[in-house]
J.: 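Input: one structure, supplied below.
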Amino acid sequence: MATCAGCGVPIAEERAVFVAGKRASDAPLALCPVCAEKIEQALQVETEHPNIALAVIFALATALLTAFVWYQIVVLTEMQLGIVAIGVGWAIARAVIYASGNKRGPALQWISATATLFAMLVAQYLIVRHYLGQVLIEEGFTSQLPLFLPIGMIFEMVK
């Protein structure tokens, strides 16, 4: 005989639904069918009807903001720190979750991952452009690099 971790009702072992604990070392939790169904429904609601359009807008805005922050950190410290990339991904994921109405699911994960990749590419472009500008100044060029170079050149710089 097991006891339901949700409501405390005794349940027969064959009717219990076992779920993993929070940590791998935790023992599985037993749930009665009613509590297991409630949890399943709550998880289902988290993935239904996310605000995809707002999530994309927030993802792109956060990607541009975090790319600029990453660029500034590299220019100021003259180091590329991996922890900043983790922060960029985390910030974008939080923005997507917030904008989607606190929803989760594969579509939102793809939006977050794509926006994070976009942020990394933009940051890398800004970083390479900055150091290329410094080299050109050292070589005696007096004109500034435009912010937006031809797309082919941008791909070559990031590559």
Side-chain angles (χ1 to χ4, degrees), residues 1-77 79-129 147-152 154-159:
M1 189 69 92
T3 303
C4 178
C7 63
V9 172
I11 47 175
E13 291 283 332
E14 61 274 0
R15 293 190 31 97
V17 177
F18 290 93
V19 295
K22 287 186 180 181
R23 291 181 289 279
S25 61
D26 291 345
L29 300 173
L31 296 173
C32 68
V34 173
C35 288
E37 182 62 28
K38 286 180 185 176
I39 290 173
E40 185 65 35
Q41 288 174 353
L43 292 174
Q44 183 64 29
V45 167
E46 275 191 358
T47 62
E48 292 176 344
H49 312 297
N51 190 339
I52 297 290
L54 194 59
V56 168
I57 291 168
F58 271 57
L60 291 176
T62 306
L64 290 173
L65 176 68
T66 56
F68 184 72
V69 168
W70 188 351
Y71 158 72
Q72 288 296 319
I73 289 171
V74 170
V75 168
L76 293 174
T77 65
M79 293 186 296
Q80 282 203 14
L81 305 170
I83 192 75
V84 178
I86 294 169
V88 166
W90 179 85
I92 292 169
R94 294 304 308 161
V96 168
I97 290 170
Y98 173 77
S100 69
N102 287 324
K103 302 290 182 166
R104 299 172 193 271
L108 298 174
Q109 292 168 348
W110 277 103
I111 292 168
S112 295
T114 303
T116 300
L117 178 61
F118 175 70
M120 295 171 121
L121 293 172
V122 169
Q124 190 63 32
Y125 166 70
L126 292 172
I127 292 164
V128 171
R129 185 189 161 278
L147 179 60
F148 299 107
L149 296 170
I151 193 77
I154 290 174
F155 283 127
E156 283 299 315
M157 290 172 68
V158 172
K159 187 172 86 173

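Nothing here was measured: the structure is a model prediction, and the numbers come from that model.
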J.: Just wondering, more than 12 heavy atoms not from Phe68 lying within 6.0 Å of its CZ?
T.: no
J.: For Leu108 versus Ser100, what's the shortest heavy-atom pair and its separation?
T.: CD1-OG, 3.5 Å
J.: Rounded to the nearest 0.5 Å, what separates atom CD1 in Ile39 from atom CD in Gln44?
T.: 14.5 Å
J.: Just to verify, what does Ile83 make a side-chain contact (heavy atoms from CB on, under 4.5 Å) with, not counting sequence neighbours?
T.: Leu81, Ile86
J.: I need the full list of salt bridge (charged side-chain N to carboxylate O under 4.0 Å, His left out) pairs touching residues 4-13, with sequence neighbours left out, sorted by first then second residue.
T.: none
J.: For the CD atom on Gln80, are there more than 12 heavy atoms of other groups (residues, nucleotides or ligands in this structure) within a distance under 6.0 Å?
T.: yes
J.: Which atom pair, heavy atoms only, marks the closest approach of Asn51 to Ala99?
T.: CB-O, 3.6 Å
J.: For a quick test of reading the model, state the closest non-hydrogen atom pair linking Ala16 to Ile11 and the distance between them.
T.: CB-CD1, 3.5 Å
J.: I need the minimum non-hydrogen distance between Leu126 and Tyr71, along with the two atoms involved.
T.: O-CE1, 3.4 Å
J.: Can you find a pair of side-chain heavy atoms, one from Leu121 and one from Tyr125, that are under 4.5 Å apart?
T.: no
J.: Using the side chain to side chain contact (heavy atoms under 4.5 Å, CB included) rule, pick out the option among Thr114, Leu117, Thr66 that qualifies with Ile92.
T.: Thr66
J.: Could you give all pairs that pass the salt bridge (charged side-chain N to carboxylate O under 4.0 Å, His left out) test and reach residues 102-126, with sequence neighbours left out?
T.: Glu46-Arg104
J.: Does a side-chain heavy-atom distance below 4.5 Å link Val9 with Thr3?
T.: no
J.: Go through the structure and list residues passing side-chain hydrogen bond (donor to acceptor under 3.5 Å, both in side chains) with Gln72, not counting sequence neighbours.
T.: none
J.: What pairs of residues pass the salt bridge (charged side-chain N to carboxylate O under 4.0 Å, His left out) test when at least one of them lies in residues 50-65, not counting sequence neighbours?
T.: none
J.: Out of curiosity, Lys38 NZ to Cys32 SG, how far, rounded to the nearest 0.5 Å?
T.: 7.5 Å
J.: Below 4.5 Å, heavy atoms only, C-beta onward: do Met120 and Trp70 meet side chain to side chain?
T.: yes
J.: Which heavy-atom pair separates Gly6 from Leu31 by the least distance, and what is that distance?
T.: N-CD2, 3.7 Å
J.: List, one per line, each side-chain donor-acceptor pair under 3.5 Å for residues 55-63, sequence neighbours excluded.
T.:
unit_1: Thr62; atom_1: OG1; unit_2: Phe58; atom_2: O; d: 2.7

